[in-house]
Amino acid sequence: MPLFQKLKAAGALPSGVNTPQQVAQAIIDSVSLDNPVLCELTVNGPGFIMSRIKEEYLVRGVNEIITRGAPVKPKCCDAAANDEDMSGVVVDFSSPNIAKEMHVGHLRSTIIGEAVCRILEYSGKNVERVNHVGDWGTQFGMLIQYLKEEYPNFHEDIPNITDLTAFYKNAKSRFDESAEFKKISQLNVVKLQAGDEECRKIWQVLCDVSRMEFEKVYARLDISVKECGESFYNDKIAPVIDEFDSRGMISVEDGGAKCVFVPNFKIPLMLQKSDGGYGYDSTDMAAIKYRLNELKARQIVYITDFTQGDHFQMVFAAAKKIGWVDDDSHRLDHIGFGTVQGEDGKRFKTRSGDTVRLVDLLDEAVSRMEASLRERNSGSESKGGNVSEDEIHKTACAMGYGAVKYFDLRRNPTSNYIFSYDRMLDTKGNTAIYLLYAHARLESIVSKGKADFGVDVDALISDGKSKIALSHKSERNLGLHLEFFADTIEETLNDLYPYHICDFVYALSIAASEFVTQCKVLGSPEME
């Protein structure tokens, strides 16, 4: 027992206490019998303390949920809501590249980011959802030139580029094969950065077309995010470099590159390349300063793949070094997620080896869910089916998209996972489909209670006649699981990993299913 070891090492063991079991018994003896929470405390094994939760405590908790219409939030949520100065959070997530399709590589950042935003908003934080899209860089020179050649009437008629991947590949192919095309493309980069009107107009067309494609994914997944891409920070980079330089923190390396070294890293952040250009380091330092100073963020969360972990730790360290960040009043987080893999354990791709378009992945989940619903309807045809034909597609969308999201969220984001439609759409186990059917079962009981027995649960609650008693062990178990809600939220706010909430909901669903299985609800004396 660690407590016994600490007390012994400190010479603080109470008189007559010489073993871990005696320490445990001393703790039990100090717990008042009339405490409102614990009962039946006993010493177990090498010094563990076992106890039960008092039934009246669980009853009071369940009745409070019914009265309030929602579980009680942890106290840390009240603190966040009441302190406006500490409530500002920026969450940087999704971040696709302009003129490229959103693919399976964007799946985790988008899904995890939306979940983190909702959790923080629930806790009382004022959340700024930022989509740091890749809308700037040397690649735009070739994209501008390719669009000019392929769509000469782009001024009057916005091109219908529905396959961004093919567009980008074709432009890259021309760039690699034609020296003349490559030279013009490089000149386009200079003209774009100098503000050339035509290049800017084409760049804007590419951005607009890309946004329309991105929105197809965001609409399917119910994602809300505000675009603020790399180009937004262009005029903010030079002042950042000047600030570091004025503080004597710039190290000019071979070739003239301007760098900043930070503790615990041998490689520096490069704020300006030797040719005078800017890269990711430059943009991210300008972005973090803007978010801290202009958006007044007290917490910034970046959600990217795990390979960018060192980069963001260096950005955080540089922000602290120059004094933008105070450990006592700021929090900087990077959630680095693992890889989505195929059945072969490698990055998830199509059979032809291409990257999977995110729209196609999501639509395939819906298609399979539709087939599953129709099969269930056919199997229960004599009962009238489960979902009407008119509602099948809408229902399949909710279940299919939800299944993809939950399959990702239910695991630690730092781990890799194998993408499997069969497993995520399974009606058994820890899946969104199981949770949805468990919820539907409870809704069905409530509906039948009203239709067949004249018991209106909503009316009982509003009239104050819904007092709960917990007599059966499955009822007490369900009440106990409901009590875990506040602890789960608090735990999630510590590391911002949504899987804690998924674990809670899954365990709660199992407890609810056991309750309705072991305790008859409809037609029981308790209904009266």
Side-chain angles (χ1 to χ4, degrees), residues 31-32 35-39 49 51-91 93 111-129 224 296-303 327-335 405-406 409-414 430 435 439 461 466 468 470 475-512:
V31 177
S32 172
N35 81 86
V37 181
L38 302 176
C39 65
I49 298 176
S51 72
R52 291 184 179 276
I53 305 295
K54 289 184 176 180
E55 181 179 323
E56 54 267 32
Y57 177 81
L58 296 177
V59 168
R60 185 165 58 250
V62 174
N63 282 317
E64 187 173 357
I65 291 173
I66 292 173
T67 301
R68 291 168 54 94
V72 177
K73 295 183 180 181
K75 291 182 179 179
C76 62
C77 293
D78 295 331
N82 294 330
D83 190 348
E84 292 185 7
D85 291 338
M86 297 297 291
S87 67
V89 183
V90 170
V91 181
F93 70 104
I111 290 174
I112 296 169
E114 176 67 24
V116 168
C117 288
R118 295 186 186 191
I119 292 164
L120 289 168
E121 288 165 348
Y122 177 81
S123 74
K125 298 288 188 178
N126 180 22
V127 179
E128 186 86 17
R129 299 153 169 260
S224 176
K296 306 300 181 184
R298 291 307 185 102
Q299 182 177 0
I300 306 177
V301 185
Y302 296 83
I303 302 168
D327 285 336
D328 292 333
S329 56
H330 293 98
R331 174 177 169 179
L332 303 176
D333 295 286
H334 174 248
I335 300 176
K405 293 163 76 172
Y406 187 82
L409 293 173
R410 74 174 178 81
R411 64 196 76 241
N412 189 312
T414 62
N430 191 6
L435 298 179
H439 178 265
I461 294 173
S466 59
I468 298 296
L470 304 177
E475 293 176 316
R476 292 194 295 270
N477 184 51
L478 179 56
L480 178 62
H481 276 80
L482 288 168
E483 283 294 319
F484 295 154
F485 176 79
D487 292 333
T488 301
I489 296 298
E490 190 164 1
E491 182 180 17
T492 305
L493 290 171
N494 286 335
D495 59 19
L496 298 179
Y497 290 173
Y499 80 88
H500 301 302
I501 295 176
C502 295
D503 288 347
F504 164 78
V505 174
Y506 180 53
L508 183 64
S509 295
I510 292 175

field: Pairing residues for Glu483 by the salt bridge (charged side-chain N to carboxylate O under 4.0 Å, His left out) criterion, not counting sequence neighbours
entry: none

query: Can you tell me how far the CG atom of Leu493 sits from the SG atom of Cys76, to the nearest 0.5 Å?
result: 5.0 Å

- prompt: Do you know which two heavy atoms are closest between Leu435 and Ser509, and how far apart they sit?
  reply: CD2-OG, 3.2 Å

message: In the structure I gave you, are the side-chain heavy atoms of Ile461 and Thr67 within less than 4.5 Å of one another anywhere?
response: no

By ring-ring contact (aromatic ring centres under 6.0 Å, His included) - contacts of Tyr302 (at least two apart): Phe312, Phe316

- request: Could you tell me which residues satisfy side chain to side chain donor-acceptor pair (under 3.5 Å) with Thr414, sequence neighbours excluded, listed by chain and number?
  value: Asn412

field: Residue pairs, two or more places apart or on separate chains, that pass salt bridge (charged side-chain N to carboxylate O under 4.0 Å, His left out) and touch residues 486-503
entry: none

- prompt: Of all residues at least two apart in sequence or in a different chain, which pass the salt bridge (charged side-chain N to carboxylate O under 4.0 Å, His left out) check with Arg331?
  reply: Asp333

By ring-ring contact (aromatic ring centres under 6.0 Å, His included) - contacts of Tyr499 (at least two apart): none

field: Qualifying residues under side-chain contact (heavy atoms from CB on, under 4.5 Å), relative to Ile53, sequence neighbours excluded
entry: Val37, Leu38, Tyr57, Leu58, Leu480

query: At what distance, to the nearest 0.5 angstrom, does CG of Leu478 lie from CD1 of Ile468?
result: 9.5 Å

- request: Say whether, by atom type as modelled, one donor and one acceptor occur between the side chain of Asn126 and the main chain of Gly88 under 3.5 angstrom.
  value: no

- line: Separation between CD1 (Ile112) and SG (Cys117), nearest 0.5 Å, reads 12.0 Å

- line: Taken in chain and number order and not counting sequence neighbours, the residues that satisfy side chain to side chain donor-acceptor pair (under 3.5 Å) with Asn477 are His481

field: Thr492 and Leu496, any side-chain heavy atoms less than 4.5 Å apart
entry: no

statement: Output for pair (Ile111 CD1, Ile303 CD1), nearest 0.5 Å, gives 11.5 Å

message: Holding to side-chain contact (heavy atoms from CB on, under 4.5 Å), I want the full list of residues that pass it with Glu56, two or more places apart in sequence or in another chain.
response: Lys54

query: Could Arg60 and Glu64 be called an ion pair, given the rule that one side-chain N must be under 4.0 Å from one carboxylate O?
result: no

- request: Could you tell me the separation between the CD atom of Glu55 and the CG atom of Leu470, rounded to the nearest 0.5 Å?
  value: 6.0 Å

- prompt: Heavy atoms, side chains only, cut-off 4.5 Å: are Asn430 and Tyr406 in contact?
  reply: yes

message: Could you report the tightest heavy-atom contact between Phe93 and Ser224, atom names first, then the distance?
response: CZ-O, 3.9 Å

Among Val127, Val89, Val90, side chain to side chain contact (heavy atoms under 4.5 Å, CB included) partner for Gln299: Val89

- prompt: Is the shortest heavy-atom distance from the side chain of Leu482 to the side chain of Pro71 under 4.5 Å?
  reply: no

- prompt: Quick one: ring-ring contact (aromatic ring centres under 6.0 Å, His included) partners of Tyr497, sequence neighbours excluded?
  reply: none

- request: List in chain and number order the residues that pass salt bridge (charged side-chain N to carboxylate O under 4.0 Å, His left out) with Glu121, two or more places apart in sequence or in another chain; answer none if no residue qualifies.
  value: Arg129

- prompt: Atom CD1 of Ile300 and atom CD of Glu128: how far apart are they, to the nearest 0.5 Å?
  reply: 11.0 Å

